[in-house]
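Notes to accompany the following structure.
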Amino acid sequence: MFVNPRFRTLSLALATALLITACGTQPQPQPSAPTPQPPTTQPTAPSAEQSMPSATTEPQPASGSEVEFVTWYQYDQDNTDPKSDERVGNEYLRKTIPLFNEAFKGKWKWINQPQPFDQMAIRLTAAVQAGGEVPDLMQSGDGSLIPFIKNGVVQDLTDWIKAQPWFADLDPSAVAACTGPDGRIYCVPVAITPQIVFVWRDHFPNGYPKTPEEFKQQAEALKAKGIAAITFFGSTAFDGEGTPRFTNTLIKSFGGTFDDGQGNMKLDTPENRSAIEFLREIVAAGYVHPRTWDGTTTPFIEEEPMKTAEAASFPTGIFGYRYVNPLKAPSGKEYNKGNEEDMLDAITAGDVFIAPMFAPSGKKPGCGLGVTGFVIPVGAKNPEAAKDYINWIMTPEQNPDWVLGPGGGFPALRSILPLIEERVPVAKAFYEQAAKAVAASECRPWYGSLERRDEAKKIIQNTIYRLVKEDPTADISEALKAAEEEYNRNN
């Protein structure tokens, strides 16, 4: 899991527009490079029939036998374990590989080689630099893009992607997240994954708190009932994955940031210090579930209190709905299919709702934004197969399933969201509430102008963990300055 949701009065089309507006803030490019230029106009999203090639178009068969088209996904089509955390992606590949192979019979044969999600970027970089075997296409997110570009790992797709009929339909924020400091586009965005908060309605019957002060008041009342107000990814597991999963949401909600817009880490700010002081306070008061911090020894254990309603809320990425199951509501009602439908059912029934993060008065809730899609590695044997595949995935027939499967968020193609609602009615309430929460938030990639993102998230999360859990009396400003220096000395 790479690594979460938001309304009812507007149509899905308007909800999509709100999502685009809310997530319009783009990452800062380096000053020496041109600013990334996503579409400068907001064209009316073309209809599915006008904007997309048909999935049923017969490819021109190549002479001779089919050529193997190799992909790397974090999902394994041969893993049929119904309890696997990655079962959604596994099942997607199992169903879709035969469809692609039939559509491109006589030309391409899709072969997927599963890779551990936390090793994909490392393995690809090593393979390219060693001149070894690389896939023709790899599932990837925006977080690995800058290291890929600096190491010469992925191909420049700018001219090709801009020539495709679906390009004008892409969310500009998604395009910007796939754009390097040189203004060139290196990845193809398919799904957008903003951050949201899952909330048990019985614990917050009047809605999720709007400000930190309201949160503390309601958290105190919950504490008296033996309920923690919140659980989140607070550990240092997965080399600082808590930075994009929660820390960024809190820091940005207080108006803070991690960078100076010029590629340098900037942590010692009044806003950041206020956020950390708030976090120290709610931890000391007992409002945070203790399993929040245990992920280093038991991965993703912080999800458990939300599943059992021992914690009243859970800020995370939008696709967290897949993993938080089965569920037991405060009323005792159980959602125990043991798959992603549990959370969708709970939202539809009204037991769980989706909200933006709270923020101090005058501030807008923070909302991290990630993009999931594809890169074509340098040295790929069959880049034309990768491009055929991408165009196939971008059709109205295939795109909703990819977004619901490997993507797990909102579609990067703006015209696709209504098709997803038609295809999966149980997800209607989920997407409507998610759109509303995202529209109320300021969504942008967590890393801003920081290029060494793996290093940065580890430094940030380790620092926050020390200040809150290991030494809550330590000088916050001093620790933040030391973290800045640790990162910036290698700039």
I'd like to know if the side chain of Arg452 and the backbone of Pro147 have a donor-acceptor N/O pair within less than 3.5 Å.
no

Parallel, tilted or perpendicular: ring planes of Phe117 versus Phe238, cut at 30 and 60 degrees
tilted

Report yes if the side chains of Asn391 and Gln164 come closer than 4.5 Å at any heavy-atom pair, otherwise no.
yes

Heavy-atom pair with the smallest gap, counting every atom of Ala456 and Tyr487:
CB-CE1, 3.8 Å

Met357 versus Leu250: any side-chain heavy-atom pair under 4.5 Å?
yes

For the residue pair Phe319 and Tyr323, categorise the inter-ring angle as parallel (less than 30°), tilted (30 to 60°) or perpendicular (more than 60°).
perpendicular

Would you say that Phe258 contacts Thr247 through its side chain, given a criterion of any heavy-atom pair below 4.5 Å between the two side chains?
yes

For Ile185, is there any backbone N or O sitting under 3.5 Å from a side-chain donor or acceptor partner on Thr158?
yes

Closer than 4.0 angstrom, basic N to acidic O: yes or no for Glu66 and Lys107?
no

To the nearest 0.5 Å, atom CZ of Arg291 lies from atom CD of Glu303 at 11.5 Å

Rounded to the nearest 0.5 Å, what's the gap from CZ on Arg453 to OG on Ser144? Could you check?
8.5 Å

Checking Asn248 side chain against Tyr447 main chain: does a donor-acceptor pair fall under 3.5 Å?
no

Among Gln139, Arg123, Gln74, find the residue that satisfies the side-chain hydrogen bond (donor to acceptor under 3.5 Å, both in side chains) test when tested with Gln115.
Arg123

Distance-minimising heavy-atom pair for Pro326 and Asn336:
CB-CA, 3.7 Å

With Glu340, which residues qualify under side-chain hydrogen bond (donor to acceptor under 3.5 Å, both in side chains), at least two apart?
none

Show the nearest heavy-atom pair for residues Val438 and Cys443, with the distance to one decimal.
CG1-SG, 3.5 Å

With side-chain contact (heavy atoms from CB on, under 4.5 Å) as the criterion, how do Lys109 and Ile111 come out once you've worked through the C-alpha distance, each side chain's angles and the decisive distance to 0.1 Å?
CA-CA 6 Å; Lys109 182 180 180 181; Ile111 304 294; 4.2 Å; yes

Distance-only check: which donor-acceptor pairs under 3.5 Å involve side-chain atoms of residues 125-135, not counting sequence neighbours?
residue: Thr125; atom: OG1; partner: Ala121; partner atom: O; Å: 2.9
residue: Gln129; atom: NE2; partner: Asn151; partner atom: OD1; Å: 3.2
residue: Glu133; atom: OE1; partner: Lys381; partner atom: NZ; Å: 3.2
residue: Glu133; atom: OE2; partner: Lys381; partner atom: NZ; Å: 3.4

For Val175 and Phe167: C-alpha separation, side-chain torsions, deciding distance, then whether side-chain contact (heavy atoms from CB on, under 4.5 Å) applies.
CA-CA 9 Å; Val175 176; Phe167 179 74; 4.2 Å; yes

When rounded to the nearest 0.5 angstrom, what is the spacing between CG in Leu327 and CG in Asp351?
9.0 Å

When the ring centroid of Phe104 is compared with that of Phe69, is the distance short of 6.0 Å?
no

Arg94/Glu91 ion pair, N-O < 4.0 Å:
no

Does the side chain of Lys387 reach to within under 4.5 Å of the side chain of Ile376, using non-hydrogen atoms?
yes

Do Val378 and Val154 have side chains that get closer than 4.5 Å, going by heavy atoms?
no

Between the side chains of Lys337 and Glu341, is the shortest nitrogen-to-carboxylate-oxygen separation below 4.0 Å, so that they form an ion pair?
yes

So does Thr372 get a backbone contact from the side chain of Asp142, meaning a donor-acceptor N/O pair under 3.5 Å?
no

Between Asp182 and Tyr186, do the side chains contain a donor N or O and an acceptor N or O under 3.5 Å apart?
yes

What verdict does the side-chain contact (heavy atoms from CB on, under 4.5 Å) test give for Tyr92 and Tyr75, after you've listed the backbone C-alpha separation in whole Å, the side-chain angles of each residue and the deciding distance to 0.1 Å?
CA-CA 9 Å; Tyr92 169 83; Tyr75 305 109; over 6 Å; no

Check whether NZ of the Lys or CZ of the Arg Arg245 lies under 6.0 Å from the centre of the six-membered ring of Phe232 and within 45 degrees of that ring's axis.
no

Do Pro194 and Ile192 come close enough that some side-chain heavy atom pair is under 4.5 Å?
yes

State the CG-CZ distance between Asp76 and Arg87, to the nearest 0.5 angstrom.
15.0 Å

When you measure from the side chain of Thr292 to the backbone N and O of Val288, does any donor-acceptor pair fall under 3.5 Å?
no

Does a side chain donor of either Ser415 or Asp169 reach within less than 3.5 Å of an acceptor in the other side chain?
yes

Residues Met306, Trp200; criterion side-chain contact (heavy atoms from CB on, under 4.5 Å); working and verdict
CA-CA 8 Å; Met306 182 66 190; Trp200 284 111; 3.6 Å; yes

Any chance the rings of Phe198 and Tyr321 have centres within less than 6.0 Å?
no

As an exercise, state the distance from CD of Glu334 to CG of Asp345, rounded to the nearest 0.5 Å.
13.5 Å

Taking only Lys NZ, Arg NE, NH1 and NH2, and the carboxylate oxygens of Asp or Glu, determine whether Asp156 and Arg184 approach each other closer than 4.0 Å.
yes

Could you tell me whether the side chain of Thr395 and the main chain of Trp392 form a donor-acceptor pair under 3.5 Å?
yes

Tell me yes or no: between the side chains of Tyr208 and Ser313, is some donor less than 3.5 Å from an acceptor?
yes

Distance-only side-chain donor-acceptor flag, Ser84 / Glu86, under 3.5 Å:
no

Counting only heavy atoms not in Lys458, do more than 12 sit closer than 6.0 Å to its NZ atom?
no

Spell out, as yes or no, whether a donor-acceptor pair under 3.5 Å connects the side chain of Asn90 to the backbone of Gln77.
no

Test of understanding: with ring pair (Phe, Tyr, Trp, His ring centres under 6.0 Å), list the residues that count as partners of Tyr73, not counting sequence neighbours.
none

Apply ring-ring contact (aromatic ring centres under 6.0 Å, His included) to residues Phe353 and Phe204 and explain how you reach the verdict.
CA-CA 10 Å; Phe353 67 92; Phe204 286 105; 7.6 Å; no

Would you call Leu369 and Thr193 a side-chain contact if the rule is heavy atoms closer than 4.5 Å?
no

Say whether, by atom type as modelled, one donor and one acceptor occur between the side chain of Asp259 and the main chain of Ser449 under 3.5 angstrom.
yes

Do you see a donor-acceptor pair shorter than 3.5 Å between the side chains of Lys333 and Tyr335?
yes

Any side-chain heavy atom of Asn399 sitting closer than 4.5 Å to one from Val403?
yes

Could you tell me which non-hydrogen atom of Val190 sits nearest to which non-hydrogen atom of Ile393, and how far apart they are?
CG1-CG2, 4.3 Å

Ring centers of Phe374, Trp402 separated by less than 6.0 Å:
yes

Let me confirm one number: the CD-CG distance from Glu422 to Leu417, rounded to the nearest 0.5 Å.
10.5 Å

Do the side chain of His203 and the main chain of Ala229 share a donor and acceptor less than 3.5 angstrom apart?
no

What are the two closest heavy atoms between Gly366 and Lys252, and how far apart are they?
CA-CB, 3.8 Å

Indicate the atoms forming the closest heavy-atom contact of Gly234 with Trp293, along with that distance.
O-CE3, 3.3 Å

Can Trp110 and Thr71 be counted as having a side-chain donor-acceptor contact under 3.5 angstrom?
yes

